[in-house]
2 protein chains.
Amino acid sequence: MENCYWPHDAPPWLLSPAAAADDRAASASRSHSEAEKRRRDRINAQLSTLRKLIPKSEKMDKAALLGHVVDHVKEQRQRAKEASKSSSSMPSEIDEVIIDQHHESEHIKASICCDDRPELFAELKAALKPLEATILEAEVTSLGGRIKANFIISAAMANQHTLKMALTRLLISSGSGSSGYGTRSKRQRFFYPTSR
Amino acid sequence: MENCYWPHDAPPWLLSPAAAADDRAASASRSHSEAEKRRRDRINAQLSTLRKLIPKSEKMDKAALLGHVVDHVKEQRQRAKEASKSSSSMPSEIDEVIIDQHHESEHIKASICCDDRPELFAELKAALKPLEATILEAEVTSLGGRIKANFIISAAMANQHTLKMALTRLLISSGSGSSGYGTRSKRQRFFYPTSR
DNA sequence: ATGGACACGTGATAC
DNA sequence: TGTATCACGTGTCCA
């Protein structure tokens with residue numbers, strides 16, 4: 001820098017000829033740096049609000065902060081997945097049969113939710129037998145006399161309706177009380193929590 | 001830049017005297033810019049992994065990306081809060097009474113989980129009456145014959161034990177089956193979902 | 001040509 | 001001292 005003769009200031013003996021060009025260049029440079037500062041401020045503002053959201057992130061490097069942010073997002077992702085999984089595995093008060101095929105594979109996700117009764121497992125097995133469907137995974141959760149069964153079944157997509165029919169039959173026979181397992185109180189026994 | 005005579009190269013006629021200083025300066029400047037580039041790369045790497053985590057963020061500005069990241073974190077935080085709240089408001093199969101005072105305030109969080117029966121509300125009210133405790137909030141969730149009641153009570157901390165005794169008495173009278181509401185099956189009816 | 005977004009090199013500063 | 005980070009101004013490309 002010290003070796004430059006007139007890097008920024010124009011020589012005194014010529015002013016008018018290139019003065020206009022110099023002025024325009026200086027103005028452009030000024031607005032350019034100002035715009036760049038505004039951009040930096042926007043980024044740093046978001047970084048600052050991220051610091052408030054992440055615990056113990058004061059005194060952290062920018063890169064370290066962002067690293068903890070990615071960890072935080074991934075952790076929350078995992079928690080959400082587990083929460084939704086455990087929620088979907090819990091029986092509700094609503095009798096239902098859900099058939100779900102996805103991923104273009106030959107795996108069918110089936111779930112049934114109904115009142116529990118001793119013979120249910122046997123009936124379920126009998127209902128699935130004629131479909132020649134092999135059960136890949138099974139998860140059964142029972143709470144307070146209600147039962148929720150989630151299956152992953154290897155079967156052709158054409159069997160979806162048959163499967164749904166078979167499971168729905170179990171629902172109906174459950175509601176008729178024909179099993180003699182004992183009729184439970186018919187009053188509403190589920191209230192959604194009052195919000196706040 | 002063009003006005004500088006020898007901004008980076010030393011003049012040919014003097015080499016030895018300040019050459020050492022110039023070399024050290026050049027080396028320092030090089031390592032400096034290299035270190036700075038490494039720092040930028042680290043930050044941009046985290047930014048890049050954040051882009052993979054946030055949907056539809058491929059064509060986004062850096063500042064816009066970070067903005068969406070803060071939104072994402074806030075949303076997930078809210079979802080986690082609601083999920084944990086709705087989870088804690090669901091009755092489990094375990095009879096329990098929980099008393100919890102926090103925040104150094106005079107608010108006591110109390111919860112009871114037991115079999116449901118018609119007179120439970122009245123018994124609860126009767127149990128709370130002698131404590132002269134005013135109920136600030138009440139949230140009752142009932143599922144499959146089980147009930148979970150969460151209260152926020154304004155009472156002195158000294159009453160915690162009395163409150164716990166009163167609520168535990170309700171648990172015991174529930175277990176004795178003296179209410180004649182009907183004895184439910186004693187076989188285990190709750191299985192935790194098989195992991196994975 | 002005008003402004004936006006990015007990477008770069010540099011001075012300042014803290015440990 | 002060197003070795004980190006940060007903000008700044010600039011060059012450059014793109015719409």
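All values derive from a computational prediction rather than experimental measurement. Order of the sequence lines sets the chain letters (A, B, ...), proteins ahead of strands, with each chain counted from 1. Computed from heavy atoms alone, side chains included, the values below leave out hydrogens, waters and symmetry copies.
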>> If the condition is side-chain contact (heavy atoms from CB on, under 4.5 Å), which residues does Thr134(B) pass it with, not counting sequence neighbours?
In response: Leu136(B), Ser154(B)

> Would you write out the dot-bracket form of DNA chain C, 5' to 3', with Watson-Crick and G-U pairs under 3.5 Å, [ ] for crossing pairs, | for pairs to other strands and . for unpaired bases?
Replying inline: .|.||||||||||||

>> Please determine whether the number of non-hydrogen atoms from other residues, nucleotides or ligands lying under 6.0 Å from atom CE of Met165(B) exceeds 12.
In response: no

> Under 3.5 Å, is there a donor-acceptor pair between the His32(B) and Glu36(B) side chains?
Replying inline: no

>> Taking only side-chain N and O atoms of Ser29(B), does any of them lie within less than 4.0 angstrom of OP1 or OP2 on dG9(C)?
In response: no

> Thinking salt bridges, do Arg117(A) and Glu123(A) make one under a 4.0 Å N-O criterion?
Replying inline: yes

>> I'd like to check the salt bridge (charged side-chain N to carboxylate O under 4.0 Å, His left out) partners of Arg42(B); sequence neighbours left out, ordered by chain and number.
In response: Asp61(A)

> Where along residues 34-73 of chain A does a heavy atom come under 4.0 Å from DNA chain D, residue by residue in number order?
Replying inline: Glu36(A), Lys37(A), Arg40(A), Asn44(A), Asp61(A), Lys62(A)

>> Taking Asp116(B) first and then Arg146(B), would you say they form a salt bridge - that is, a charged N and a carboxylate O separated by under 4.0 Å?
In response: no

> Lys37(B): what forms a salt bridge (charged side-chain N to carboxylate O under 4.0 Å, His left out) with it, not counting sequence neighbours?
Replying inline: Asp41(B)

> Looking at residues at least two apart in the chain, or sitting in another chain, which of them share a salt bridge (charged side-chain N to carboxylate O under 4.0 Å, His left out) with Glu75(A)?
Replying inline: none

> What about His32(A): does its side chain form a donor-acceptor pair under 3.5 Å with the base of dG11(D)?
Replying inline: yes

